[in-house]
Amino acid sequence: MRVYENTEVVHQKVQTGGLLVYTKSGHTIKCRRAVFATGYEAQTMKRNANAVISSSFSIVTNPVEALTGWPNACLIWETARPYLYIRTCLEGRIIVGGLDEPLNDLQKKDASSLKKRDQLLAKIQELFPRIPIRAEYYWGATFVETHDGLPLFGEQEGYPHCLFTLGYGGNGTVYSTIGAQIISDMITKGSHADADLFAFDRRKYASATI
């Protein structure tokens, strides 16, 4: 296989037996099938009803000498919505993240980072009032999951000869491995026994809430 890195695809056109793919540099690629594994950016091509887009936020504290009141510095991860997670890292720093909020526009900047920084700091100070901390680093980032917790694999309407593998959620590495197996079988064998579980048109999410 020949790999052309830093090559942006800007358009694809259906032709007899497959696709003609156009690159930003003006070159074309002829193929029978195209696989899109572009992650969150796929939502700028076609917004999927089952994709839940949000902004997630994190802080990293100053190095802490003693984690007073925190048994074994165990990982803390809430099941609440919005959730909160807390863990330690190198140099004795603490990472605190969560407090996700809906994001309807992928182009929108995460403008709430300062506010969320203060909220996350307040949350950990409430849990561990005897640990002297301050936020030395903070950031916000886009996160995409689905209503039913499963990724999106396979064909979707409006994109003939195209397959998508979108491992949305907190298990991206595992999902991507499953997606690779499903997509490769769909191309080489025509189907995969588990493909319907992850199909774009599955209806399970219609009555689900997150």
Side-chain angles (χ1 to χ4, degrees), residues 1-24 27-56 58 75 77-79 81 83 85 87 95 97-98 100 102-103 106 141-210:
M1 180 175 66
R2 286 178 290 179
V3 178
Y4 296 88
E5 61 181 348
N6 300 318
T7 302
E8 182 179 347
V9 171
V10 294
H11 179 63
Q12 63 273 351
K13 179 181 179 181
V14 178
Q15 62 176 13
T16 303
L19 293 171
L20 187 63
V21 178
Y22 297 85
T23 70
K24 189 174 183 179
H27 294 83
T28 57
I29 305 166
K30 294 181 180 179
C31 59
R32 287 193 293 270
R33 307 291 291 271
V35 178
F36 288 81
T38 54
Y40 300 167
E41 290 184 3
Q43 295 307 304
T44 63
M45 297 172 57
K46 181 174 183 178
R47 184 74 168 85
N48 300 118
N50 198 6
V52 182
I53 305 175
S54 60
S55 288
S56 189
S58 299
L75 170 68
W77 196 301
E78 291 184 326
T79 57
R81 290 294 187 270
Y83 67 92
Y85 68 85
R87 70 174 181 87
I95 298 177
D100 297 6
L103 180 65
L106 276 173
T142 301
F143 183 67
V144 182
E145 51 191 333
T146 57
H147 287 282
D148 56 14
L150 297 178
L152 299 167
F153 301 144
E155 301 173 342
Q156 64 170 321
E157 187 178 357
Y159 290 88
H161 306 296
C162 296
L163 294 165
F164 292 78
T165 173
L166 308 179
Y168 296 163
N171 299 291
T173 302
V174 175
Y175 286 164
S176 296
T177 301
I178 296 171
Q181 295 169 351
I182 290 175
I183 295 300
S184 62
D185 275 7
M186 291 179 73
I187 293 172
T188 60
K189 302 176 182 179
S191 65
H192 187 284
D194 297 326
D196 288 345
L197 292 172
F198 309 102
F200 280 79
D201 59 355
R202 64 181 183 263
R203 301 184 182 277
K204 185 186 299 184
Y205 68 87
S207 60
T209 57
I210 187 168

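- Between the OG atom in S191 and the CG atom in D196 there is a gap of 9.5 Å [rounded to 0.5 Å].
- Other residues, nucleotides and ligands contribute at most 12 non-hydrogen atoms within 6.0 Å of the NZ atom of K24.
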Can you give each donor-acceptor pair under 3.5 Å made by side-chain atoms of residues 5-15, sequence neighbours left out, with the distance rounded to 0.1 Å?
from: T7; atom 1: OG1; to: Y4; atom 2: O; distance (Å): 3.1
from: T7; atom 1: OG1; to: E5; atom 2: O; distance (Å): 3.3

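- Using the six-membered ring where Trp is involved, F143 and Y40 have ring planes that are perpendicular, over 60° apart on the 30 and 60° scheme.
- Using a distance-only test at 3.5 Å, with no hydrogens or angles considered, no donor-acceptor pair links the side chain of S176 to the main chain of T173.
- For the pair A51 and Y168, the tightest heavy-atom approach, listed with the atom from each and the gap, is CB-CE1, 4.2 Å.
- Using a 3.5 Å distance cut-off with no hydrogens or angles, the side chains of S58 and Y85 do pair a donor with an acceptor.
- To the nearest 0.5 angstrom, T177 atom OG1 is 11.0 Å from I182 atom CD1.
- Here NE2 of H147 is found 10.5 Å from CZ of R202. Values are rounded to the nearest 0.5 Å.
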Show the atom names and distances, to 0.1 Å, of all donor-acceptor pairs under 3.5 Å that link a side chain in residues 156-164 to residues at least two apart or in another chain.
from: Q156; atom 1: OE1; to: N48; atom 2: ND2; distance (Å): 3.0
from: Y159; atom 1: OH; to: M45; atom 2: O; distance (Å): 3.2

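- Here the side chains of F153 and Y175 are in contact, with some heavy-atom distance below 4.5 Å.
- Considering CG of L166 and CG of N50, their distance stands at 11.0 Å, rounded to 0.5 Å.
- Of all heavy-atom pairs spanning G179 and T165, the tightest one is CA-OG1, 3.8 Å.
- Proximity of T142 to Q43: side-chain heavy atoms (C-beta onward) are nowhere separated by under 4.5 Å.
- No side-chain heavy atom of R32 sits less than 4.5 Å from a side-chain heavy atom of I187.
- We find the CD1-CD1 distance between I183 and I178 to be 12.0 Å, quoted to the nearest 0.5 Å.
- Closest of all the heavy-atom pairs between M1 and V3 is CE-CG2, 3.8 Å.
- Across every non-hydrogen atom of H192 and Q181, the tightest pair is CD2-O, 3.8 Å.
- Annotation: the span from F198 atom CZ to L150 atom CG amounts to 5.5 Å, rounded to 0.5 Å.
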